[in-house]
Amino acid sequence: MIIDKHYMKQYVFALLPMLLPVPGRFALGLICIIIFNLVLASGCLFQHALHALKMETTQFVLLVPFVVGMSVFAQQLLMIYSPGIALQLGILVHFPALSAFLITILHTVKRDSLIKELSATMVPAGIYSGFAFVFMLFRDIFGYGGISFPVPSGIRELIFFDTAKLPFMQFAATIPGTLIISMLIFVFYSHCRRKMIIIKRAGLTDE
């Protein structure tokens, strides 16, 4: 799927508040990605319900407390699963909800069947969640020398090498390093997107 350039900018803008402040551990990033998709999907369902009830005029007023409520609900689920990770994330656990809210108000979905509305919202979100997945994986490997996983007792680590011997790689776990990695990932995607458009147009021309 080739995402529209306008949508791409919206998703990049919305995901940065979630990715940048979170510590560079894959375990924490994975939790944030799950919360982001949970809140975004529920927000899409909520908007569809408001549309079905002819309550579009109150959409923004009702959407804010709904997103806040879903964020608190997700935090409580995380507290049940892993209190240590919930405490480690702290207020950052609500940042995925902020990203989901930004996408909800920036990304206008054509009102149609529920399946089509979910697809229009969640397919691009899934692609960018994949980018966020790879992004946090790179930060964990280069910054901490391994991969971390969320478990009920906290974070379990699988160490590959000692980053103390390669201090320059720890830069990947810092905010400047995060910004550079983000830029490289989206430059790579933009390059692939252009190639896909060229190939698609060439196929149409041949037909």
Side-chain angles (χ1 to χ4, degrees), residues 11-50 59-107 118 121-160 163 170 172-175 177-178 181-182:
Y11 275 82
V12 171
F13 172 75
L15 284 175
L16 285 179
M18 179 181 78
L19 293 178
L20 292 183
V22 176
R25 304 313 308 265
F26 177 72
L28 303 181
L30 181 60
I31 293 295
C32 288
I33 292 169
I34 293 173
I35 294 176
F36 165 75
N37 283 277
L38 172 66
V39 176
L40 187 59
S42 60
C44 183
L45 293 173
F46 184 69
Q47 282 187 307
H48 183 82
L50 292 179
Q59 175 178 300
F60 184 79
V61 176
L62 295 176
L63 188 60
V64 173
F66 177 80
V67 170
V68 172
M70 285 300 302
S71 179
V72 173
F73 174 69
Q75 183 185 35
Q76 295 306 308
L77 290 179
L78 182 59
M79 284 289 293
I80 294 173
Y81 174 72
S82 180
I85 291 180
L87 291 174
Q88 189 171 354
L89 280 173
I91 194 174
L92 295 178
V93 76
H94 300 294
F95 280 42
L98 172 61
S99 293
F101 176 72
L102 289 173
I103 288 178
T104 302
I105 61 176
L106 290 175
H107 180 29
L118 278 173
T121 300
M122 299 308 299
V123 170
I127 292 174
Y128 281 102
S129 294
F131 281 130
F133 184 91
V134 174
F135 171 79
M136 295 303 297
L137 185 64
F138 282 171
R139 284 189 71 189
D140 208 357
I141 293 175
F142 293 129
Y144 297 91
I147 303 176
S148 57
F149 301 95
V151 294
S153 58
I155 292 178
R156 179 172 296 173
E157 295 180 296
L158 181 62
I159 303 298
F160 299 139
T163 55
Q170 296 180 359
T174 65
I175 290 181
T178 299
I181 293 176
S182 301

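When a residue number appears, it is its place in the shown sequence, counting from 1.
Remark: the backbone N or O of V151 is paired with a side-chain donor or acceptor of S82 at under 3.5 angstrom. The closest donor-acceptor contact from the side chain of Y81 to the backbone of P150 lies under 3.5 Å.
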Could you go through residues 71-78 and list every donor-acceptor pair under 3.5 Å that involves a side-chain atom there, pairing it with any protein atom two or more places apart or in another chain?
unit_1	atom_1	unit_2	atom_2	d
S71	OG	H94	ND1	2.5

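In this structure, M70 and L38 have side chains that are in contact, with non-hydrogen atoms separated by less than 4.5 Å. Using a 4.5 Å heavy-atom threshold, the side chains of I31 and V22 count as separate. Between V67 and F46, every side-chain heavy-atom pair lies at or beyond the 4.5 Å cut-off. Taking the side chain as every heavy atom from C-beta outward, I147 and F160 approach each other to under 4.5 Å. A heavy-atom distance below 4.5 Å is not found between the side chains of L92 and C32.
The two residues L158 and F149 come nearest to each other via the heavy atoms CB-CE1, 4.3 Å. Pairing each heavy atom of F26 with each of D140, the nearest pair is N-OD2, 2.9 Å. Taking both residues in full, the closest heavy atoms of P83 and P152 are given as CD-O, 4.1 Å, listed atom of the first, atom of the second, then distance. Pairing each heavy atom of R139 with each of P23, the nearest pair is NH2-C, 4.1 Å.
Rounded to the nearest 0.5 Å, atoms OG (S148) and CG (L28) are 6.5 Å apart. Rounded to the nearest 0.5 Å, atoms CZ (F135) and CD1 (I33) are 10.0 Å apart.
Here the options are N37, I34, I35, the test is side chain to side chain contact (heavy atoms under 4.5 Å, CB included), and the partner is P96; only I35 passes.
Residues forming a side chain to side chain contact (heavy atoms under 4.5 Å, CB included) with L87 (at least two apart in sequence, or on another chain): none. V134 pairs by the side chain to side chain contact (heavy atoms under 4.5 Å, CB included) definition with F138, not counting sequence neighbours.
Ring pair F95/F36: centre-to-centre distance not below 6.0 Å.
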